[in-house]
Amino acid sequence: MNAWTDIMLVVLILTTFWLLGSSRLASCIRICAIQGVATGLLGVVGGGITIRVAAISLAVIVLKGLAFPWLLSRALRESNTSHEVQPFVGYVASLLVGVVILGLSFWADSCLPSLSHVASRLVVPVAFALLIAGLFLIVARKTAVNQVLGYLVMENGIYTFGFGVVREIPALVELGVLMDVFVAVFVMGIAIYRINRTFDHIDSDQLTLLKG
Amino acid sequence: MTPILTALAIWLATGVLCLAFAKRPRLVQVIGPAGAVLGSLPALFAASRALLCGSVWTLHLPWPLPGANFVIGMDAISAFFTLPIVLICALAAIYGREYLRPYEGRKALGTSWCMFNLLAASMLLVVLARNGVLFLLAWEAMSLSSFFLVMFEGEKTEVRRAGWTYLVATHIGTAFLLVMFVLLGQPTGSLDFDGFGRIAGTPALASLAFVLAVVGFGTKAGFMPLHVWLPEAHPAAPSHVSAVMSGVMIKTGIYGLLRTLLWLGPPPLWWGYLLVAIGVVSGVLGVLFALAQHDLKRLLAYHSVENIGIIVLGLGIGLIGLGSHHPLVAALGFAGGLLHVVNHAIFKSLLFMGAGSVLHATGSRELDQLGGLLKSMPSTGATFLAGAAAISGLPPLNGFVSEFLIYFAAFGLLGASGIPVVLAALAAIVSLALIGGLAAACFTKAFGTIFLGEARSSQAEHAHEAGPCMRAPPILLAALCLTIGVTAPFVIGVLKPVVNQLAGTTDLGDWTGAAALPLAVVACVGVGLLALFCILAAVRAMLPARRMTNEAVTWDCGYIAPTPRMQYTASSFADPLTRFFGAVLGTHRKFSGPRGFFPDSASYSTETPDMSRERLYKPVFIAVERAMSKFRWIQHGRLNLYILYIVLTLLALLTWKLGKS
Amino acid sequence: MISAGWILPALVAAPAILAGLSLLARSPRAALRVGAAATAALALAAGCAVAQVFLHGPLQCAGGWFYLDALSAYHLAILMLVFVLCSCFAIVYFREEIAAGHFTRKLARRYQSLWFGSLAAMNLVLVSNNLGVMWVGVEATTLLSAFLICIHASPQALEAMWKYLLMCSVGVALAFAGILLLAATASTSLSGHDALLWTRLMNPAVTLNPMLVKVAFIFLVVGFGTKAGLAPMHSWLPDAHSQSPSPVSAMFSGILLTTAMYGILRYIPLVERATGNTGWGREVLVALGLLSVLVGAAFVIGQQDVKRLLAYSSVENMGIITLGIGLGGVGVYAALLHTLNNSLCKSVSFCCAGRIGQIYGSLDMRRIKGMLKVSPLWGGGLLAGLMALIGVAPFALFISEFLTVRAAWNQAAYWPMGLLLFGLGLVFIGVLRKAIPMAWEPPESAPKPLRTYRAEALLVWTPLALLLLLGLWIPRPLGAMIAQAAAVLGVTP
Amino acid sequence: MSIWNFSYAVLGLLLAPLLPGITNRTKAVFAGRHGQPLLQTYYDLAKLLRKGAVYSRTTSWVFRLAPPGGLACLVVALFLVPAGDFAAPLAFPGDLILLAYLLGLMRFMTVCAALDTGSSFEGMGASREVQFSALTEPALILGLAALAYATGSFSLSGIFGGVTRPDWLQVGPALVLVAAALLIVFLAENSRIPVDDPNTHLELTMIHEVMILDYSGPDLAFILYGASLKLWLLGALLVNIFLPLTGRSGPLQIACLVAGMFVVAVVTGVIESVMARLSLLKVPQLLVGAAALSVLGFVLMLRYAL
């Protein structure tokens, strides 16, 4: 079972790198969907399947694999701006940063005391890497959609960590978290829609009316 | 303690009533002053009883505020400072009633009187408080209420500037006091004054507390260069308020300093040197800047700085006396400083009231717009003259007595061993002499330009004497100036408990006896001088030549028609001195001379901005503002970077807090 | 004693239901009025719960999922106070907009529904014992209140909302990572639900790995600190505060930040215990607190927009609270008192600023002149509020700031004390420099004053009078409340 | 207290008007003129007292108050000055301060009276008077303080009674410096050359004379008499320093001192004859120089004391 978990974790890392190197928004959304599904599967392949785990995993797959991509694609479709990712940091540089992030995550993991009941030794570093890569995406990309994607990557990292490390988290909390994330993305989607309508772009870099 | 509580209650109640009836100015004009006067009576009674009969008490009430207890007490020092507070407040209230009459219906008199009575109450609380929090609250209430009083004519730009400067200065001063009280309260964990004496055990902390007190209280008292608010706020406030602020409110700073000294144990010599240095600087520079002013109230405000300098000089000499084991010197120094507190309260409020009456009558505070008012305002002029003579330290008035005591103490120090002590005494003597001469110059200028000669403007020409409410308080104060001057040997007896309290454990011996003889002679000389003057005046009157008196125009070396415009102006009167001290004053001169064959106009004007404001605070404020505005780019509006801040903070904290382990 | 625990879930459920019901409001006016009345009723109920806590000890229900102890009860009391005040003010604030037709029924329904939603979410934060659920509540407040910012969709408001949404979501997600780390170390000795229950985690038998707790705490501080407006994560704050309608700004500044701060407070005893009471976690708070004070001060100077000015003052005040908590001892007491003072003062100041903005048609302080004359009520209220904010005695903020200074001295934290005083001085100067012309400078053209009803005076003067009272006299029950709350944080008086 | 304590002051009241006469006669001798009679001032006073007065319409009671007031100050001050061994009638510790401030009071009245005329000339004189006196006062008090330090007493009587011949032998240089300072103060306070020229009336450079331009008749007499008293008063301080007569018999001491006063008057005449009046801008430097001399004297005494 460790092997399956590791495979999923590797998928997560690979999709993150893919995301860092992608230039089209639409494909970014799709990659994110794949990552979402992989995150969902992580729960199922990780250990004994209980109803709780199954239900949550299903919810994750549905939300992250279907609902979010759909929402974001809609927001993207209705915006009449460029469908290019507009990076502050170029794709090659982003990939290099990704490598550094991965290295750092492994190093950080080695610094922390080991957690006794981790599903796989890869869980913690991968979760960290996702978290930081997500933050990096938010910082290094201009479009609002991309920032939401970054947020999702971050979220996936946290989820991974949660599922890999704290398996006993009660379902209610998990569902609550999931619910919040869903609402967050939903709200962000609406916000993007309205920003697009008001500003004629979803370039969050250009939202600089307020300063000082 | 009942009278004190009654006084506080009356002041607070009438203050609130004034606010409640704010819509009816007539009524407020009755309630406010009446409350101020009524409240001061029991307080006056309590203070005199404490001072004369030695009835000392403290009142403890529980007070649910962290660190606070409602502890008030009356001892010699408190009583001594209470006296001028209640006296001046009452008189200023009587004066203010008439002074504010033209504003009825145009200005918020309700707020003004409310704040006035609050100011009186908070000043009383400041000198009676025996708990740090209570003291600070009263202190701040005092600052705040006087701030609102200053802002009475807030629509004027200079008034707003003054209010801002005042509140900022006083608040920064309070910050120092905050730290000081915290420091003093730490050994016992309580902010009651009883326990503050513990600090004396650690001299380093005591010195720190002393420095904090000097800065904190010095800001309120107006030590140069902490005085910046003074020449702004006093002119801006209505005159009766200036009288209270300049006459007594700044003295609460002196009170605070003295109260602090009581806790700090035996003073090292350098405290005395520091105070003498402050006294010299404040005194000399205060009077120099006063000399360079041509706004009457600003001039008076600078004189407050000067007089605070003299007070501090006395206290500094007293501290040196204590430190170098000259009990008589210590006693005389303290006595001189303390007596000057009262004296300055009397003549400074008298002068501000005079300035107010002039302003009231002519609408101008510009010296060079006035002139010849002695004929139209005889009462105001005469009392102003008395005040001017008193503040110049001339015998037989009260100013001389206190300056004499300080001189006396300083001369006593000359016999001390130790060159620094002698030099400090010498510095005090020289600066007192210089201050005396310059003050006389300044007040002859002020009095001469306002009241003597011919009117320089039509307003001054049509001036009218103020009403009875505005005439009576100055007359009373002038009488007090003379009374204290000629009853000095008895007055010193009143000071005795106060000075003895200040000396702490040091036994001062029978210092009043030592001081009484010279003071008695001074008093006799004063009386003799008056008598001799009367005799000479009588002789002059009886001379047969009296019958052959003629009237003519001023001789003026042959000019046929001297006009008022040809009179010496205030600026030109002071010009030789201000030029002589030009390096310190930094006077801006604007001159456009006559040009061409038929020059039609020429002008010359001077302005002396405050040195410490221009050269010390302004650059610092500008530098801080620049430094702060450098930070403003961090709020540039870019969301990506904002999130980067979060990430960086996270990383920074992780490396900082975990890097070590 | 009858179990009063049922009231806790009700405190969450009732506003949630009200949020739904608000969508059926008949008219904007009715929505606001009924909303205010319902908030007041809820406040009464919450008051009962708070009283129970202080009289008989903590309340618990639903198997320990809901928990109200002195700390949360104190915050709950503040929360209800602010909400009642802001709800009432909303009636006044939107009156002109309703008349002008800008505040339609649709908007009013949405507004009131989100308003109650936020209330429910904040109550959830305060009454839940489960740290995960608490997080859910914090995130929910972000999401629900985001739309309150742009009730009137202007480009600026949208921008502010977007920044608020993204920054707080990211921040709070980091906090969740922290919670997970904590749960990870706790799950060695606790199982299932218990690993996230605060009361269980506080059990002395539970041993937590100090290293992991430290990492967790840093994530939590940064995460919740973002929401609480601590510098340098505060960047969303001035934008959101200045662009929302004033009742919302008042609520944000008055309680939203405080609720996030409460999130941090909950973890302090845990961290203290795990790190052996070395004051490790407090250092972080002192640093962030000081930074916030200084950043707030730097931006207050030279600020032109009155609501932004108040927002930066919020940054500063949250800094003071953080600093007080970080200093420990009497500082905790000071911080808790400051929380109350700041909430009261900020909400009333924002209300007055909003009204003044409506009167002058601008929030630019260079255009607001002579407000004392133009509108004695709102202008006077704003002036008094600003004065109170900068720590003029005898307003209560002076006392709490004094206590903070005292705490710093007692802890021998001389540099923090000096910097705090410096920051306070800067804020004082900066605010006063704006406040004086606003209050007294004669206006070039007198704007027409808006209609003012007598009852509105209560809205302004009651909180200010309360602040004045607290500066002079802290009622014993309140003092006891704060002491009990401080005891939760491990400080015994 | 004996008759000798009072004699010097009473003699001063009687003989003071002689001093200007002596000075003028000295100057006349230097100029090769015959000069005024020695008693000229007495004649002037007698004449003026019999004359009527003219007052400017601008003036008020302040103007009339100054002559008797100023005179009263000087008369009282005269009783503060000791004569050798004999303490002044009013001697008390600290009387030197009273002396300085009585002079100050007189000046205050004179200056106010000058301003009361509203004339630009008198204003100018008043302005200069306050400037110079503000600078002489520190010099005077410093000089006295130096002496007080040397003698350990701070009453004039104690100070001058304490300057003895051994003192001159021990701290002579310091005493010379202080005496020089007091001489400058004497010249400045009495409006003599090199500070002011008592003979000019219509020049822009005068100080004292211009302030009293508007006085006439008995008022002027009071002022003239007062000026003579002031000469006597400050001259007496100088004489007391230079003539350490302690221990001699009363009549001898008084006689020597009066003779000393005449010598001072002669010296004044000599100075006025051999020097020109300083430029007004240089006067403050002279006065500050006097203060500096006092300080120097003080420092020298400090050195000796160690």
Side-chain angles (χ1 to χ4, degrees), chain B residues 63-68 108 133 136-141 143-144 147 151 154-155 157 159-161 163-164 167-168 171-172 174-176 178-179 181-183 185-186 189 191 621 624-625 627-632 634-635 637 639 641-643 645-650 653-654 656-658 661, chain C residues 162-163 166-167 170-171 174 211 214-215 218-219 221-222 225-226 232-233 235-236 238 280 283-284 295 297-299 301-302 330 333-334 337 370 372 387 392-394 398-399 402-403 405-406 409-410 417 421 424-426 428-429 432-433 436-437 439-442 471-476 479:
Chain B
W63 190 21
L65 200 64
V133 176
L136 284 174
L137 282 178
W139 185 260
E140 281 286 284
S143 307
L144 199 61
F147 164 75
M151 293 302 290
E155 67 277 3
T157 315
V159 172
R160 286 196 303 275
R161 189 174 101 137
W164 182 74
L167 207 53
V168 167
H171 211 74
I172 291 176
T174 308
F176 282 87
L178 220 70
V179 178
F181 278 114
V182 165
L183 160 72
Q186 208 204 1
L191 287 173
F621 271 57
V624 169
E625 187 169 357
M628 286 295 154
S629 63
K630 293 238 171 76
F631 284 108
R632 295 174 64 84
I634 64 172
Q635 194 77 12
L639 180 58
L641 294 181
Y642 290 168
I643 290 179
Y645 294 162
I646 301 181
V647 179
L648 290 180
T649 314
L650 187 69
L653 284 178
L654 283 171
W656 172 43
K657 296 304 294 188
L658 301 176
S661 52
Chain C
W162 176 246
K163 286 176 176 170
L166 203 68
M167 285 191 73
V170 167
L174 289 175
M211 184 67 181
K214 286 178 179 177
V215 179
I218 289 174
F219 270 88
V221 166
V222 171
T226 307
M233 297 90 77
S235 317
W236 62 272
W280 174 89
E283 275 181 42
V284 180
V295 167
F299 281 89
I301 291 184
V330 72
Y333 186 97
L337 182 60
L372 277 188
M387 288 277 198
V392 166
F398 175 77
I399 292 290
F402 172 64
L403 287 177
V405 170
R406 202 172 166 201
W409 183 279
N410 288 345
M417 185 187 75
L421 286 172
L424 288 177
L426 282 186
F428 188 92
I429 294 169
L432 202 63
R433 193 163 66 172
I436 287 181
W440 280 285
E441 192 171 336
L472 294 172
W473 180 67
I474 294 180
R476 294 224 182 270

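In this text the structure is predicted, and so the values were computed from the model without any measurement. Order of the sequence lines fixes the chain letters, A, B, ..., with proteins taken first and strands second; residue numbering starts at 1 for each chain.
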Legend entry - Non-hydrogen atoms of B:L137 and C:A393 that approach each other most closely: CD2-CB, 3.9 Å

Legend entry - C:F428 portion near chain B, given a 4.5 angstrom heavy-atom threshold: side chain

Legend entry - Shortest non-hydrogen contact between C:S235 and B:Q635, atoms and distance: O-NE2, 2.9 Å

Legend entry - Atom pair CD (B:E625) and CD1 (C:I301), whose distance is rounded to the nearest 0.5 Å: 6.0 Å

Legend entry - Smallest separation among heavy atoms of C:W440 and B:M151, with atom names: CE3-CE, 3.3 Å

Legend entry - chain B contact via C:L372 - which portion, at a heavy-atom distance below 4.5 Å: neither

Inset, instruction - Please examine the side chains of B:L178 and C:F398, heavy atoms only from C-beta on, and report whether any two atoms are closer than 4.5 Å. - result: yes

Legend entry - Contacting moiety of B:V647, where chain C heavy atoms sit under 4.5 Å: neither

Legend entry - Residue selection (most heavy-atom pairs with chain B, distance under 4.5 Å) from C:G471, C:P475, C:G225: C:G471

Legend entry - C:L403 versus chain B, the contacting section by heavy-atom distance below 4.5 Å: side chain

Legend entry - Side chain to side chain, C:L424 and B:H171, heavy atoms closer than 4.5 Å: no

Legend entry - Proximity breakdown for B:L144 and chain C, heavy-atom pairs closer than 4.5 Å: side chain

Legend entry - Full working for side-chain contact (heavy atoms from CB on, under 4.5 Å) between B:Y642 and C:L166: CA-CA 10 Å; B:Y642 290 168; C:L166 203 68; over 6 Å; no

Legend entry - Between C:V295, C:V170, C:I399, the one whose heavy-atom pairs under 4.5 Å with chain B are most numerous: C:I399

Inset, instruction - Just jot down the salt bridge (charged side-chain N to carboxylate O under 4.0 Å, His left out) partners of B:R161, sequence neighbours excluded, or say none. - result: B:E232

Legend entry - Side chain to side chain, B:Y645 and C:M233, heavy atoms closer than 4.5 Å: no

Inset, instruction - Report yes if some heavy atom in the side chain of B:L65 is under 4.5 Å from a heavy atom in the side chain of C:L472; otherwise report no. - result: no

Inset, instruction - Among the options B:I643, B:L639, B:L641, pick out the one with the most heavy-atom pairs lying under 4.5 Å from chain C. - result: B:L639

Legend entry - C:L421 side chain near B:F176 side chain, heavy-atom distance below 4.5 Å: no

Legend entry - Which atoms of C:F219 approach chain B - backbone, side chain, both or neither, heavy atom under 4.5 Å: both

Legend entry - Closest-packed option against chain B by number of heavy-atom pairs under 4.5 Å, given C:M417, C:M387, C:M167, C:R406: C:R406

Legend entry - Sidechain-backbone polar pair: B:W656 side chain, C:V284 backbone, donor-acceptor under 3.5 Å: no

Inset, instruction - Let me know if B:V624 has heavy atoms under 4.5 Å from chain C in its side chain, its backbone, both or neither. - result: side chain

Inset, instruction - Identify which of B:P66, B:A141, B:A175 forms the greatest number of heavy-atom pairs closer than 4.5 Å to chain C. - result: B:P66

Legend entry - Top of B:T174, B:V179, B:T157, B:V159 for chain C proximity - count of heavy-atom pairs under 4.5 angstrom: B:V179

Legend entry - Atom group of B:I172 that falls short of 4.5 Å from chain C, counting heavy atoms: side chain

Inset, instruction - Decide yes or no for B:K657 and C:K214: does some side-chain heavy atom of the first lie under 4.5 Å from some side-chain heavy atom of the second? - result: no

Inset, instruction - Among B:A138, B:G637, B:G185, single out the residue with the greatest number of heavy-atom pairs under 4.5 Å to chain C. - result: B:G637

Legend entry - Where C:V392 and B:E140 come nearest, the two heavy atoms and their spacing: CA-OE1, 4.1 Å

Legend entry - For chain B, the option from C:G171, C:G302, C:G425 that forms the most heavy-atom pairs under 4.5 Å: C:G302

Inset, instruction - May I ask you to test the B:T649-C:T226 pair for a side-chain heavy-atom distance under 4.5 Å? - result: no

Inset, instruction - Return the minimal non-hydrogen interatomic distance between B:R160 and C:P442, and the atom names on each side. - result: NH1-CD, 3.6 Å

Legend entry - Portion of C:I218 that has a non-hydrogen atom of chain B nearer than 4.5 angstrom: both

